[in-house]
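A short write-up of the structure that comes next.
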There are 2 protein chains.
Amino acid sequence: MEKGIKKVVMIGAGNVGTRLALALKINGLEVLQVFSRSRESADSLAHRLDCEPATDLKKLSAEADLYIVAISDDAIPELAERFPYPGKFLVHTSGSMPMEVLKKAGNRIGVFYPLQTFSKEVEVDFSQVPLCLEAAHEQDMALLEQLAARLSTRVHRTSSEERVLLHVAAVFACNFTNHMYAIAEDILSRNGLEFEMLRPLILETARKAMHESPAKVQTGPAVRKNEKVMKKHLVILSAFEGYRKIYNFISESIIEKSKTD
Amino acid sequence: MEKGIKKVVMIGAGNVGTRLALALKINGLEVLQVFSRSRESADSLAHRLDCEPATDLKKLSAEADLYIVAISDDAIPELAERFPYPGKFLVHTSGSMPMEVLKKAGNRIGVFYPLQTFSKEVEVDFSQVPLCLEAAHEQDMALLEQLAARLSTRVHRTSSEERVLLHVAAVFACNFTNHMYAIAEDILSRNGLEFEMLRPLILETARKAMHESPAKVQTGPAVRKNEKVMKKHLVILSAFEGYRKIYNFISESIIEKSKTD
């Protein structure tokens, strides 16, 4: 255990960097430094963590056991090239980038992907966040697993191929779901109705998926093949051309899926 | 108050009829009788309510202050024609049928639409279920409001036009959302990955919508216009032709919407 990860540098101070760094600190890790190209972001998160901010990679602390890269996907290759400590352990937190994107940084590379949606200012129960781990070397994987187990009860070894599948699935389950909420909100607000009226339904729909297989509890006019109701809805949606197409398209997909399930 | 609704007959013993009848009983109303064309459904719900079952409309109790029709949309017109007590107060619970569908039943008609997804066996906190009310006469509306306030803190007067808009919005927020979950589940299970890994994300996405405007908290590759990630996802989805189209289509809708918001 004496070789465990104790000191961490967080590279990136966005939504993921912020929530992850706070979770590390709360769970007894020492966050030595926060690096961000943005002075304001670096200062703000460093202040919350009571640690040192940095905006210049040349001033990156050499003392950490782990360097966590939580920056936008497009910026990771350049960061890997410029990372100054080739013997140090470097991981990224991206769902869609392969581990190998870090290989110019050195030999000890890995991935620490939290499968959750984060906002800087929204608290999250990190113990329930699935952590998807990958490492180039088994010793480093053991270190990551040990660290991850301090933060969460949901720790998984996940290959780069599996991780990108999880990321695609997460786009459907989170981003596209949120867009469905946004369409509902738009339909209501354009007609002077409150989105608040749908909130209990939204929460219950998610709650149902906590214990059930979503395919098995699908409800609504499409799965019942209730064409009268669907036609009525399409008439209403004629005022919303884009939404009408989505309505048709997803309804067809529901009908199609119900045939094969 | 002495003219309030005290005795109810439930016509229909499906998901809505079951949860609504149980909520009525728990809140001190007397459910005199459950009618269903299915002997099994009538018996089963009547047993849970400790009341009389009926499968023949000729045996419908004449003693109720309110008759609640919780049957499939398509069956409502025939029920209205055959309803034997033209002087009695009859409401339906459908999101998409106008109140007028009941007019052959008599003069005292209305709607009692609970905007929630129900399952016979899943308990629901009825105090948070939005109840959308409509009545042909103001005196009956007052009776419905009084009844609804006993069940829920969320009581709304909603016209037939507003109600169908709510129903369309609910299809997006609930049925289509659940289909997004089902697609995610399918992508994962076909690759030997557990849907369980997405459950915390699904719940958090819904939780966020409880306090925020979904349009304002949209995340993901589409709203960031991250074409590299979207291309990568489309390559993965080439194994799932229908999902690939949905991915493209919803991504375009997210990009389009982010321009106008």
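In what follows, every chain begins at residue 1, and chains take the letters A, B, ... in the order their sequences are listed. Quick caveat: nothing in here was measured; it's all calculated off a predicted structure.
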task: Could you pull out all residues at least two apart from R150(B) that satisfy salt bridge (Lys or Arg N to Asp or Glu O under 4.0 Å)?
output: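 With sequence neighbours excluded, R150(B) shows a salt bridge (Lys or Arg N to Asp or Glu O under 4.0 Å) to no residue whatsoever.
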
Partner set under salt bridge (Lys or Arg N to Asp or Glu O under 4.0 Å) for E185(B), not counting sequence neighbours: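 Counting only residues at least two positions away or on another chain, E185(B) forms no salt bridge (Lys or Arg N to Asp or Glu O under 4.0 Å).
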
Toward chain B, the part of [X] with a non-hydrogen atom under 4.5 Å:
{"X": "V223(A)", "result": "neither"}
{"X": "D186(A)", "result": "side chain"}
{"X": "K208(A)", "result": "side chain"}
{"X": "L203(A)", "result": "both"}
{"X": "F195(A)", "result": "side chain"}

In terms of heavy-atom pairs under 4.5 Å with chain B, which of [options] leads?
{"options": "A206(A), A215(A), P200(A)", "answer": "P200(A)"}
{"options": "V217(A), V129(A), D125(A), L198(A)", "answer": "L198(A)"}
{"options": "L201(A), N15(A), T117(A), T205(A)", "answer": "L201(A)"}
{"options": "N226(A), I254(A), I236(A)", "answer": "I254(A)"}
{"options": "G95(A), A222(A), G192(A), P130(A)", "answer": "P130(A)"}

Against chain A, label [X] side chain, backbone, both or neither, depending on which of its atoms sit under 4.5 Å from a heavy atom there.
{"X": "E196(B)", "result": "both"}
{"X": "I250(B)", "result": "both"}
{"X": "V164(B)", "result": "both"}
{"X": "V122(B)", "result": "side chain"}
{"X": "K257(B)", "result": "side chain"}

Between [X] and [Y], what is the shortest heavy-atom contact and its length?
{"X": "N175(B)", "Y": "Q218(A)", "value": "O-NE2, 2.9 Å"}
{"X": "A173(A)", "Y": "Y181(B)", "value": "O-CE2, 3.9 Å"}
{"X": "F172(A)", "Y": "A184(B)", "value": "CB-CB, 4.3 Å"}
{"X": "M197(A)", "Y": "C132(B)", "value": "CE-SG, 3.5 Å"}
{"X": "S251(A)", "Y": "F176(B)", "value": "OG-CZ, 3.5 Å"}
{"X": "R199(B)", "Y": "S213(A)", "value": "NH2-N, 4.5 Å"}

- prompt: So which residues of residues 16-23 of chain A are in contact with chain B at a heavy-atom cut-off of under 4.5 Å?
  reply: none

message: Sort by residue number and list every residue of residues 68-76 of chain A having at least one heavy atom under 4.5 Å from chain B.
response: D73(A), D74(A)

[options]: which one forms the most heavy-atom pairs within less than 4.5 Å of chain A?
{"options": "K216(B), H211(B), R224(B)", "value": "H211(B)"}
{"options": "Q128(B), R207(B), K245(B)", "value": "K245(B)"}
{"options": "H156(B), E256(B), K228(B), E162(B)", "value": "H156(B)"}

Report, as yes or no, whether the 6.0 Å neighbourhood of atom [atom1] on [X] holds more than 12 heavy atoms from other residues, nucleotides or ligands.
{"X": "E241(A)", "atom1": "CD", "value": "yes"}
{"X": "K120(B)", "atom1": "NZ", "value": "yes"}
{"X": "E252(A)", "atom1": "CD", "value": "yes"}

field: Expected output: side-chain E204(B) to main-chain V124(A) donor-acceptor under 3.5 Å
entry: no

field: Heavy-atom side-chain contact between S253(A) and M180(B) under 4.5 Å
entry: no

- request: Report yes if some heavy atom in the side chain of T177(A) is under 4.5 Å from a heavy atom in the side chain of I202(B); otherwise report no.
  value: no

message: So if I apply the side chain to side chain contact (heavy atoms under 4.5 Å, CB included) rule between L166(A) and each of N191(B), L193(B), I187(B), which one comes out positive?
response: L193(B)

query: side-chain contact (heavy atoms from CB on, under 4.5 Å) between V229(A) and H167(B): does it pass, once the steps are laid out?
result: CA-CA 10 Å; V229(A) 169; H167(B) 193 232; 4.0 Å; yes

